[in-house]
Amino acid sequence: MTHKILTLLAGTSPVLSEGAVIERLRRAPGIQLDEHVVNSALIYEAAGHAALTAIYRQYLDIGQRYRLPLLLSTPTWRAGRERIAAAGFSKRDLNGDNTRFLTGLRDSYGNYAEQVAICGLMSCRGDAYKPAEAMRAAAAAEFHTWQAQALASAGVDFLLAATLPALSEALGLAQAQAATGLPYVISFVARPGGTLLDGTPLKTAIATIDAAVTPRPLAYLINCTHASIFRSALLHEHNSSPLVRQRIRGLLANTAALSPEELDGSDELHEEAPNLFGKNVAALRDELGMKILGGCCGSDDRHIECLARELSAA
């Protein structure tokens, strides 16, 4: 069986990814995110379902308009069994229902749906900006297995563990995802000095996971990181390496060149001009050979439109 993500990565076209979803919902009037599962339960309410649909359709419309392959992530960033129970949704199949919601939306785009891959989105157990909260590898593998299996069973095209601040939990997540038999991708938050938030050099983190987990990740990404910080991290003389630049295949970029600590403590939206964002992120394709490019904090349909325009013109 050939998984769609393998076909997209093997193609000659750059692959577009969505922009922010949760952050946009947080600022949308009439939308209340759950303190435990964040946006995963919105599909069960009329207003939430409509808001999610509108955001994903914007990204689908952009990808279709510019004829670019597209990655969409299920609204399951915090849909682990522990959080689902705390939110009172144990009798609901949040991972399956969100996968079916997004798959149905994707499939409504006719022939273009063949170019859209859906990733089952996961993350660390604790605060993604606080590496001290990261789980040890063995505990993380056990903890994350339930959600990885739930997403795989629901029919996602591949798995993505994103916004990871520390090697230990990333290693456990990789083990849990590898056990499903699906292709999977690990995505870190990076500092300008070429490290994860816990101080682990990128070259150490990637070499460690690649050596310890079978099958190894299909690829690595960086997310929740500005393009300038990403560039600095990947070109760092000591903490990066040719292997890092080979195994990291893309960036889901923030629109503000701020540290996680600065972003976490800010009450206002820090936003880069969409055209500047598009040029800076698209430039990483030629400069560093990046294949998957999209948005994270601060981005919306305007930023992804400008990025798609730049990528399609290259």
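Everything quoted here is computed from the prediction, not taken from an experiment. Start at 1 with the first residue, then count along the sequence.
- Taking CG of Leu218 as the reference point, atom CD1 of Ile186 lies at 11.0 Å (rounded to 0.5 Å).
- For the atom pair OH (Tyr59) and CD1 (Ile55), the distance works out to 6.5 Å, reported to the nearest 0.5 Å.
- In terms of heavy atoms, Ile229 sits closest to Arg191 at CG2-C, 3.8 Å.
- A heavy-atom distance below 4.5 Å is not found between the side chains of Leu16 and Leu71.
- Ion pair Asp34/Arg78 not flagged as a salt bridge, since none of the NZ, NE, NH1 or NH2 atoms sits closer than 4.0 Å to an Asp/Glu carboxylate oxygen.
- Under the 3.5 Å distance criterion, the side-chain polar atoms of Ser232 are matched with a main-chain donor or acceptor of Pro192.
- Here the OG atom belonging to Ser17 is positioned 8.0 Å from the CG atom belonging to Leu221, to the nearest 0.5 angstrom.
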For side-chain contact (heavy atoms from CB on, under 4.5 Å), just list the numbers for Tyr112 and Asp61, CA-CA rounded to whole Å, side-chain angles, deciding distance to a tenth of an Å, and then say yes or no.
CA-CA 10 Å; Tyr112 179 61; Asp61 289 346; over 6 Å; no
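- In plain terms, the two heavy atoms of Ala227 and Val281 that are nearest each other are CB-CG2, 4.3 Å.
- One finds a salt bridge joining Arg65 and Glu305 here, because a Lys/Arg side-chain nitrogen approaches an Asp/Glu carboxylate oxygen to under 4.0 Å.
- Contact check for Gln147 versus Thr76: side-chain heavy atoms found under the 4.5 Å cut-off.
- Annotation: cation-pi geometry satisfied between Arg92 and Tyr44 (NZ/CZ under 6.0 angstrom from ring centroid, within 45° of ring axis).
- Note that CD1 of Ile31 is 13.5 Å distant from CD1 of Ile22, once rounded to the nearest 0.5 Å.
- Using modelled atom types, no side-chain atom of His3 and backbone atom of Leu6 make a donor-acceptor pair closer than 3.5 Å.
- Screening residues 217-232 for salt bridge (Lys or Arg N to Asp or Glu O under 4.0 Å) gives Arg231-Glu287 as the qualifying pairs, with residues at least two apart or on separate chains.
- A parallel orientation is assigned to the rings of Tyr220 and Phe188, their planes being inclined by less than 30° (bins at 30° and 60°).
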Result block: side-chain N/O donor-acceptor pairs under 3.5 angstrom for residues 158-168, not counting sequence neighbours:
{"unit_1": "Thr163", "atom_1": "OG1", "unit_2": "Asn223", "atom_2": "ND2", "d": "2.9"}
{"unit_1": "Ser168", "atom_1": "OG", "unit_2": "Met135", "atom_2": "O", "d": "2.8"}

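- With a 4.5 Å cut-off on side-chain heavy atoms, Leu70 and Leu72 count as touching.
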Would Arg57 and Tyr109 satisfy side-chain hydrogen bond (donor to acceptor under 3.5 Å, both in side chains), going step by step from the backbone distance to the final call?
CA-CA 10 Å; Arg57 278 202 181 279; Tyr109 276 71; 3.2 Å; yes
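- A cation-pi arrangement, defined by a distance under 6.0 Å to the six-membered ring centre and an angle within 45 degrees of its axis, is present between Arg125 and Phe143.
- Ion pair Arg24/Asp300 not flagged as a salt bridge, since none of the NZ, NE, NH1 or NH2 atoms sits closer than 4.0 Å to an Asp/Glu carboxylate oxygen.
- For Asp157 (side chain) and Ile5 (main-chain N/O), no donor-acceptor pair under 3.5 Å exists by modelled atom type.
- Note on Asp198 versus Lys130: no salt bridge recorded, every NZ/NE/NH1/NH2 to OD/OE distance being 4.0 Å or above.
- Here the side chain of Thr195 pairs no donor or acceptor atom with the backbone of Pro201 at under 3.5 angstrom.
- Looking only at distances, a side-chain donor or acceptor of Thr99 sits under 3.5 Å from a matching main-chain atom of Asn95.
- Rounded to the nearest 0.5 Å, atoms CG (Leu311) and CD1 (Ile304) are 9.5 Å apart.
- A donor-acceptor distance shorter than 3.5 angstrom exists from the side chain of Ser312 to the backbone of Ala308, with no hydrogens or angles considered.
- No side-chain heavy atom of Asn239 sits under 4.5 Å from any side-chain heavy atom of Leu202.
- A pairwise comparison of heavy atoms in Ala170 and Ile209 identifies CB-CD1, 4.1 Å as the closest pair.
- Annotation: side chain of Pro75 is in contact with side chain of Leu52 (closest heavy-atom distance under 4.5 Å).
- For Ser108 (side chain) and Leu105 (main-chain N/O), a donor-acceptor pair under 3.5 Å exists by modelled atom type.
- With a 4.5 Å cut-off on side-chain heavy atoms, Thr145 and Thr180 do not count as touching.
- Taking every heavy atom of both residues into account, Pro274 and Cys306 meet most closely at O-CB, 3.3 Å.
- Not a single donor-acceptor pair under 3.5 Å links the side chain of Lys203 to the backbone N or O of Val244.
- Under a hydrophobic-cluster definition in which Ile, Leu, Val, Met, Phe, Trp and Tyr are linked whenever side-chain heavy atoms come within less than 4.5 Å, directly or via other members, Leu235 and Ile206 are assigned to the same cluster.
- Listed here is the closest heavy atom pair of His238 and His236: N-ND1, 3.1 Å.
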Give the C-alpha distance, both sets of side-chain angles, the deciding distance and a yes or no for side-chain contact (heavy atoms from CB on, under 4.5 Å) between Tyr56 and Glu18.
CA-CA 8 Å; Tyr56 282 117; Glu18 65 195 31; 3.6 Å; yes
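- By the 6.0 Å contact criterion, CD on Gln32 is open, its count of non-hydrogen atoms from other residues, nucleotides or ligands being 12 or less.
- In this structure, the side chains of Tyr184 and Leu173 stay at 4.5 Å or more apart for every pair of heavy atoms.
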Would Tyr129 and Cys224 count as a side-chain contact (heavy atoms from CB on, under 4.5 Å) here? Give the steps.
CA-CA 10 Å; Tyr129 285 171; Cys224 211; 2.9 Å; yes
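- The side-chain heavy atoms of Leu288 and Arg245, taken from C-beta on, include a pair separated by under 4.5 Å.
- Here the shortest heavy-atom pairing between Leu68 and Pro14 reads CD2-O, 4.0 Å.
- Using modelled atom types and a 3.5 Å distance limit, the side chains of Glu169 and His144 yield a donor-acceptor pair.
- Remark: side-chain polar atoms of Thr74 are paired, donor with acceptor, to backbone N or O of Leu121 under 3.5 angstrom.
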Go through the steps for Phe230 and Ile248 under the test side-chain contact (heavy atoms from CB on, under 4.5 Å), then give the verdict.
CA-CA 11 Å; Phe230 175 83; Ile248 292 179; 4.0 Å; yes
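- Separating the CG atom in Leu42 from the CG atom in Leu33 is a distance of 6.0 Å, to the nearest 0.5 Å.
- Side chain of Lys291 to backbone of Ser13: a donor-acceptor contact under 3.5 angstrom is found.
- Relative orientation of the His303 and Phe277 rings is perpendicular, given thresholds of 30° and 60° on the angle between their planes.
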Before you tell me yes or no, could you show the steps for Phe89 and His36 under ring-ring contact (aromatic ring centres under 6.0 Å, His included), namely the whole-Å CA-CA distance, both residues' side-chain angles and the distance that decides it to 0.1 Å?
CA-CA 10 Å; Phe89 287 101; His36 300 291; 9.9 Å; no
